[in-house]
Amino acid sequence: MNYTNNILNLVKEKYPAQLEFHQAVREVVESLVPILNRYNKYQKNAILERLVIPDREIYFRVTWTDDEGKIQVNRACRIEFNAAIGPYKGGLRFHPSVNPGIIKFLGFEQIFKNSLTTLAIGGGKGGSDFDPKGKSEGEIMRFCQAFMNELYRHIGANTDVPAGDIGVGGREIGYLFGQYRKLTNRFDGVLTGKALNWGGSLARTEATGYGCVYFAQEMLKEINETLEGKTCVVSGSGNVAIYTIEKLQQLGAKPVTISDQKGMIYDESGIDLVLLKDIKEVRRASLEEYAKEKKSAKYTSIKDYPQGINPVWHIPCFAAFPSATQNELNVNDAKALLKNGCKCVSEGANMPSTIEAVHEFINAKICYGPGKAANAGGVAVSGLEMAQNASMTPWSFEYTDKKLHQIMENIFSNASETAKEFGVKGNLVAGANIAGFRKVADAMIDQGVL
Ligand code: NDP
Ligand code: 2IT
């Protein structure tokens, strides 16, 4: 379609080096063709042109002092993409790979994901090329404070509400929140993922992983299957991976893999969650330690991965849960999963599968839940945290988890029904993109030319 090609060209021309952003835009606009063909109001109102260029891109320098007294400098940004249906909302990523293209792809995806949750949250994302690995507590705190020294002027409980992502968990949110409060003299629900004793929500820590498994359950119901007794593979070993594994085990499934930036574990007897939490949440160490302490586990260093392959996806399984990072599952990996009989892929990470891998899953007609639908549980409970903060009323774990469950069921049925409505039955990529887009685009039209 001319309109979508023009949009892709516009993005490539304006942001030539931002490959991940091109990829995210391509995946979305290609799947919007049925709705764009049916209604010309979107093209007439230049909705795609307005969606791919963020409302605001804020770039700043973060200057801090390390434990040796040396001054360190990092780059950081907050990209406020779209606020048509609510305040900008999305995580902060601290990782050395962070660049504008990565934050842009994440912020763009966040618009549609947040729309799918049915909550009043717009899309944004931010981060820094700061590497938290190997830093002391003091260094982490000073970096977070220096980061907030600039960010505070751009955010607010009704303006822009950041949260965690890779490298940003409860500890970092604490330091960021503390500095925001100090600078503004306000106790606002300006960040989510806060600790429970100062405004956090029960079930937020678990939400992305639990939600991703709830989404898999919904997809599997359609083929009269369950996760009980099934072998599953999971990548990553951070927040999303850990709580995906916890929920899988509660349901009687057997997750057998985890991975990190240095390597992977294959534990045929099933992942030991207590050990995993201790290594990653307490010791903040490498998975090599897991293999030293659990004899049934085999560790493979990333240096020994075969070229062009992520070995996690080559372990035979019933269901796969990519939960580490973008483009961690390529076409070779997708083919291996399918060949070994995998029936379900539910994405905890953002854009973990390459476009070619996604095509493999769609063509094979397996249960494939794209990240912006399957991992929306995290931001959904962030939205619920905002609701609790606004009403000054904390909710119980059971109540919040039930709400999360309902939201995930609803996202599945919305994506599935929308796919049917637009003649692409079973294609949850198209269903999720069209459903997420329609709500935001119609809100933009209602609100005028802005
Ligand atoms: P964490 O920082 O808690 O964990 C990230 C995990 O992935 C770690 O095990 C890390 O390894 C590994 N990892 C990170 N980068 C790479 C890389 N380049 N190659 C291989 N492994 C890598 O982050 P989260 O669990 O929060 O995030 C994981 C994914 O889920 C991301 O795609 C994020 O955007 C997405 N997501 C997160 C949500 C949330 O609520 N937290 C919500 C929705 C999506 P190591 O342990 O060595 O650092
Ligand atoms: O990618 C994501 O949805 C997140 N990292 C969570 C964002 C949030 O605001 O909770």
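Throughout, residue positions are numbered sequentially from 1 according to the sequence presented.
- Using a 4.5 Å cut-off on side-chain heavy atoms (C-beta onward), Arg61 and Arg75 make no contact.
- Taking each heavy atom of Pro100 and Gln18 in turn, the nearest pair found is CB-NE2, 3.5 Å.
- Side-chain atoms of Val28 and Gln23, non-hydrogen and from C-beta on, never get closer than 4.5 Å to each other.
- Checking Gln110 against Asn114 by side-chain atom types alone, a donor-acceptor pair falls below 3.5 Å.
- Ring planes of Phe21 and Phe81: tilted class, angle from 30 to 60°.
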- prompt: For Gln388 and Thr393, what are the C-alpha separation, side-chain angles and deciding distance, and is it a side chain to side chain contact (heavy atoms under 4.5 Å, CB included)?
  reply: CA-CA 5 Å; Gln388 293 169 74; Thr393 317; 5.9 Å; no

Evaluation steps, salt bridge (Lys or Arg N to Asp or Glu O under 4.0 Å), between Glu137 and Arg171: CA-CA 9 Å; Glu137 278 290 320; Arg171 174 181 62 171; 2.9 Å; yes

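- Of the listed residues (Leu287, Ile265, Ile302), just one forms a side-chain contact (heavy atoms from CB on, under 4.5 Å) with Asp260, and that residue is Leu287.
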message: Is there a salt bridge (Lys or Arg N to Asp or Glu O under 4.0 Å) between Lys372 and Glu27? Walk through the geometry before answering.
response: CA-CA 12 Å; Lys372 62 170 88 58; Glu27 189 225 89; 3.0 Å; yes

field: side-chain hydrogen bond (donor to acceptor under 3.5 Å, both in side chains) between Lys89 and Thr192, worked out
entry: CA-CA 9 Å; Lys89 180 85 197 86; Thr192 58; 3.0 Å; yes

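- Relative to the ring axis of Tyr266, Lys298 does not place its NZ or CZ within 45° and under 6.0 Å from the centre.
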query: Could you go step by step and tell me if Glu289 and Arg283 meet the salt bridge (Lys or Arg N to Asp or Glu O under 4.0 Å) rule?
result: CA-CA 10 Å; Glu289 300 210 359; Arg283 290 186 245 166; 2.5 Å; yes

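- Across Asn350, Thr244, Thr208, a single residue satisfies side chain to side chain donor-acceptor pair (under 3.5 Å) together with Asn375, and that is Asn350.
- For the pair Lys135 and Phe130, the cation sits on the ring face: its NZ or CZ lies under 6.0 Å from the ring centre, inside 45° of the axis.
- Between Phe143 and Phe147, the ring planes lie tilted relative to each other; the angle falls in the 30° to 60° range.
- No more than 12 heavy-atom neighbours from other residues, nucleotides or ligands sit within 6.0 angstrom of CG on Asn185.
- Residues Leu276 and Ile258 have side chains in contact (heavy-atom distance under 4.5 Å, counting atoms from C-beta outward).
- Across all non-hydrogen atoms, the minimal contact from Ala241 to Ser235 is CB-O, 3.6 Å.
- For the pair Asp131 and Lys133, the salt-bridge criterion is not met [side-chain N within less than 4.0 Å of a carboxylate O].
- Of the inter-residue distances, the one linking His22 atom NE2 with Leu8 atom CG reads 9.0 Å to the nearest 0.5 angstrom.
- Looking at heavy atoms from C-beta onward, Tyr210 lies out of side-chain contact with Met408 at the 4.5 angstrom threshold.
- Residues Arg142 and Asp66 are not paired through a salt bridge, judged by the lack of any N-O separation under 4.0 Å between the basic side chain and the carboxylate.
- At a threshold of 4.0 Å, the pair Lys335-Glu356 does not count as salt-bridged, since none of the basic side-chain nitrogens sits closer than that to a carboxylate oxygen.
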query: Can you check side chain to side chain contact (heavy atoms under 4.5 Å, CB included) on Asp160 and His154, steps first, answer last?
result: CA-CA 7 Å; Asp160 182 355; His154 308 290; 5.6 Å; no

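- Just one residue in the list Glu80, Glu109, Glu57, Glu20 forms a salt bridge (charged side-chain N to carboxylate O under 4.0 Å, His left out) with Lys104, and that residue is Glu57.
- Separating the CG atom in Asp442 from the OG atom in Ser115 is a distance of 10.0 Å, to the nearest 0.5 Å.
- Checking side-chain atoms of Ser353 against main-chain N and O of Leu329 turns up no donor-acceptor pair under 3.5 Å.
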- request: Would you please test Phe177 and Phe187 for ring-ring contact (aromatic ring centres under 6.0 Å, His included) and show each step?
  value: CA-CA 9 Å; Phe177 182 82; Phe187 195 106; 5.1 Å; yes

